[in-house]
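Working notes, structure below.
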Amino acid sequence: MKKLMLGNEAVARGLYEAGCSFVSSYPGTPSTEITEYAAKYNEIYAEWAPNEKVALETAFGASLAGKRSFCGMKHVGVNVAADPLFTVAYTGVNAGLIIGVADDPGMHSSQNEQDSRHYAIASKIPMLEPSDSAESIAFVKEAFDISEKFDTPIFIKMCTRVAHSQSIIEESERVLPTAKPYEKQGEKYIMMPGNAKKRHPIVEQRTLDLIELAETAWFNRIEDGSDNTVGIITSSTSYQYVKEVFGDKYPVLKLGMINPLPVNKIKDFAKKVKNVIVVEELDGIIETHCKNIGVSVIGKEIFGNIGEFSQNLVAEKLGVDAPKGVALSENIPMRPPVMCAGCPHRGLFYTLKKNKLTVMGDIGCYTLGAVAPLAAIDTTICMGASVSSIHGFNKANDGETDGKTVAVIGDSTFMHSGVTGLINIAYNGSNSTVIILDNSITGMTGHQQNPTTGYNLKGDPCSKIDLEALCKSVGINSVRVVDPYNLDECDTVIKEELAKEEPSVIISRRPCALLKYVKHAGPIKVNTDKCIGCKSCMRIGCPAVSVINGKVKIDNTLCTGCGVCAQMCKFDVFEAVKEA
Amino acid sequence: MQTKNIMIVGVGGQGTLLASKLLGRILLSKGYDVKVSEVHGMSQRGGSVVTYVRYGDKVYSPVIDKGEADYIVSFEILEAARWVEYLKDGGTIITNTQEVNPMPVIIGACEYPQELEAKIKALGINLDAIDALSLAEQAGTSKAVNIVLMGKLSKYFDFTEEDWMTAIEQSVPPKFLELNKKAFLLGKEA
Ligand SMILES: Cc1ncc(C[n+]2csc(CCOP(=O)(O)OP(=O)(O)O)c2C)c(N)n1
């Protein structure tokens, strides 16, 4: 039966059909749903690891144990998993091992636009790149076969438009692979220099063998055209844009395997056409390869390596008229994402701003604390960087910034890579204050459980990290807990902790307002007669609060009744909030 | 058949994804090739969101570009204005008249533009505007704005009421079914 299926769900379907039985991942847009959908199959054990490095090492262990395994992450996750990655490339696998990575051209939800194809090349690991949901299923199955046949981990590379687009698929039955019990093989799995030296030539030979495969495999296909003046080499979602614009006019070499790339197939294709154009998003990976093998192509000089493509962009760059619409001459205000009404992060960030602190930020919903009117964050680099960089900042400033600087980090991010930075603060002794924004969930990526929540990916209760005890045990003596809905308490505790001559941790604890189990007091009531229109309540930047014609107005469809706005008011306009 | 394009635009949290799911279901059941493209993550936090629904004999690109949309279904009038340029010459905009202030307006950095309906119409665009929020509340919940707008959109398609009802049944939880059916009919008759 035909079905519409999201690209990421199709990857999960492919895992199921190929007999995969083990998944360990860390969430990250646009990769998260692969693992969430995989977890719905009872036949697949699936978990959220605390970070991508742990996830990949775990999945490797499962492959060693003889189970087809998968590990999913977003493009920047590969930076975290890079250490095991480059060496698992040497050891190879027992049962098939797929690393699913999702790039985000256009940076819909990411801090950079890195091109993960570089990792496939650098680590000498093959990479398949589907361009729709049906291919996602087919490529996952193919990937397990390649992984086992060539004894290598393998990447499946998604991008936002493939991961988050639904297209038509057909399901088939799950087929279990033949059992592969673990066998002790020190020379293959113990990567100390003597053994690794023997493995490296094997890796190089493997790449040559994979190039052979690339020359003939079905997933690198030529589609004939009627006009041979131009031939287009492309892959992933760019293939869809090319076909949208040109249909069957020009011959197309559609590459499903992006590492390693074929040599003769490209040369033969180029011989049949007058000009070769390479259409690929981000960096010129295919283009550089073509030039290296002596095929002259046109690519990045017209397409550039920034942002995502579309059919109109491909058309315009290649001299075809693209449709145009008419825009309003009106100035349309931007609508950037904002912290939700009732978000527990809001009160805390208001307090930081009020105290004019320098704030080392991190990645999560709370990064929105950087947006006006809160505008309370100074830096955002990568997960965990807040805790490590405040230490360097305070140390280098010789105590001058100690009482004026904080680091903020979410619960999931703290588990991911914040705790090592905190160990450094304690070990190398800086007088730094770290605020853990514990909203009891991984919010930004859409509510995934993590080691601090007490539940696992399947929703079952499990061991729950005691954050207070953890911070104390690494050597932080001053650990306090505040309720971010209580502005006075936040203000007092932050001032007290910053005044201390020792490192400290403040845990700002309130579950995410969007969690199903969280009860809300309901929209706050206002007595507009008392309102003088001073707009103090608007300084917290809540989307439910506005002042219209000089009087406060509450959006009852959004307001949760958290009462933070009421604490801003000196005129008794807001009615007391009853505990839900 | 040439590929047809429907864009669904709104504010993160308004339920645009359910509308695209419903459209996808109905178009698939009619034997079309279909692609539906959404963006998850960051922009869902109250930001401007857009979903693309494309169908025809063979659909390649998952996205809709400027000047391509046959229909834009907008959950909020400012969002309709934002995406006008994506409408094809002769296309139609179906919009909710509801206004949701974006943060720059809330903090007073800029004004919410006035008389958007008239300004969009002045471009010669077919604009079909309804107060979907009131109709949704009439059906029982403000959350049904998406289904009200689908009801309105249904008038532009040849599918039977039964086709739509089946797709609704497949897309919403059973306990909200009656409410959503009512919302659909209110939108259709508006
Ligand atoms: C290495 C890496 N992996 C994954 C992500 C995607 N990501 C961004 S923020 C985040 C976690 C946010 O959760 P939390 O720290 O609990 O903060 P919240 O969003 O709940 O406020 C994740 C997984 C990333 N940016 N970098």
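The structure presented is a predicted model; accordingly, all values stated were derived computationally and were not measured. So that the names make sense, note that chain A is the first sequence line, chain B the second, and so on, each numbered from 1. Only this structure's heavy atoms are used, side chains among them; waters, hydrogens and symmetry mates stay out.
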What part of [X] gets within 4.5 angstrom of chain A, counting heavy atoms only: side chain, backbone, both, or neither?
X	result
B/Ile107	both
B/Val105	side chain
B/Ile64	backbone
B/Glu115	neither

Option that, when pairs with chain B are counted at under 4.5 Å, heavy atom only, ranks first among [options]:
options	value
A/Gly7, A/Pro333, A/Ala322, A/Ser546	A/Pro333
A/Pro30, A/Gly446, A/Gly541, A/Cys340	A/Gly541
A/Glu330, A/Met538, A/Lys324	A/Glu330

Quick one: closest heavy-atom pair of [X] and [Y], and the distance?
X	Y	answer
A/Ile168	B/Tyr32	CD1-O, 3.6 Å
A/Pro323	B/Gly67	CB-O, 3.6 Å
B/Val63	A/Ser310	CG2-CB, 4.5 Å
A/Leu4	B/Leu28	N-CD2, 3.7 Å
A/Ile332	B/Ala81	CD1-CB, 3.6 Å
B/Pro113	A/Asn331	CG-O, 3.8 Å

Just checking [X]: does its [atom1] atom have more than 12 heavy atoms from other residues, nucleotides or ligands closer to it than 6.0 angstrom?
X	atom1	answer
A/Asp248	CG	no
A/Met107	CE	yes
A/Lys2	NZ	no
B/Phe157	CZ	yes
B/Lys119	NZ	yes
B/Lys21	NZ	no
A/Lys3	NZ	no

Given the options [options], which has more heavy-atom pairs under 4.5 Å with chain A than any of the others?
options	value
B/Lys58, B/Lys88, B/Glu38	B/Glu38
B/Lys143, B/Glu79, B/Arg25	B/Glu79
B/Ile120, B/Val100, B/Asp89	B/Val100

>> For a side-chain contact (heavy atoms from CB on, under 4.5 Å) check, start with the C-alpha distance between B/Lys35 and A/Ser167, then their side-chain angles and the critical distance, and finish with the verdict.
In response: CA-CA 5 Å; B/Lys35 281 192 177 161; A/Ser167 54; 3.8 Å; yes
Does a side-chain heavy-atom distance below 4.5 Å link [X] with [Y]?
X	Y	answer
A/Val547	B/Ile106	no
A/Pro336	B/Pro104	yes
B/Tyr60	A/Ser131	no

> Distance from B/Asn101 atom CG to A/Asp555 atom CG, nearest 0.5 Å?
Replying inline: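 Spacing of CG (B/Asn101) from CG (A/Asp555) equals 9.0 Å.
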> Taking atom OH of B/Tyr52 and atom CZ of A/Arg161, what is their separation to the nearest 0.5 Å?
Replying inline: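 Rounded to the nearest 0.5 Å, the OH-CZ separation comes out at 5.0 Å.
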>> Could you go through B/Glu85 and A/Val326, starting from their C-alpha distance and side-chain angles, then the distance that decides it, and tell me whether this counts as side-chain contact (heavy atoms from CB on, under 4.5 Å)?
In response: CA-CA 5 Å; B/Glu85 212 181 341; A/Val326 282; over 6 Å; no
> Have B/Ser61 and A/Gln311 got a donor and an acceptor in their side chains that come within less than 3.5 Å?
Replying inline: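 Result is yes, a qualifying pair exists.
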> Counting distance only, does the side-chain N/O of B/Asp65 pair as donor-acceptor with the main-chain N or O of A/Asn312 below 3.5 Å?
Replying inline: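 Confirmed, B/Asp65 side chain pairs with A/Asn312 backbone.
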> Does the side-chain contact (heavy atoms from CB on, under 4.5 Å) test come out yes or no for A/His164 and B/Ser37, once each step is laid out?
Replying inline: CA-CA 6 Å; A/His164 287 169; B/Ser37 184; 5.7 Å; no
Structural part of [X] lying under 4.5 Å from a heavy atom of chain B:
X	value
A/Leu313	backbone
A/Val545	backbone
A/Cys365	side chain

>> One pair to check against side-chain contact (heavy atoms from CB on, under 4.5 Å): B/Arg82 and A/Arg335. What are the steps and the verdict?
In response: CA-CA 10 Å; B/Arg82 185 186 315 285; A/Arg335 192 186 299 276; 3.5 Å; yes
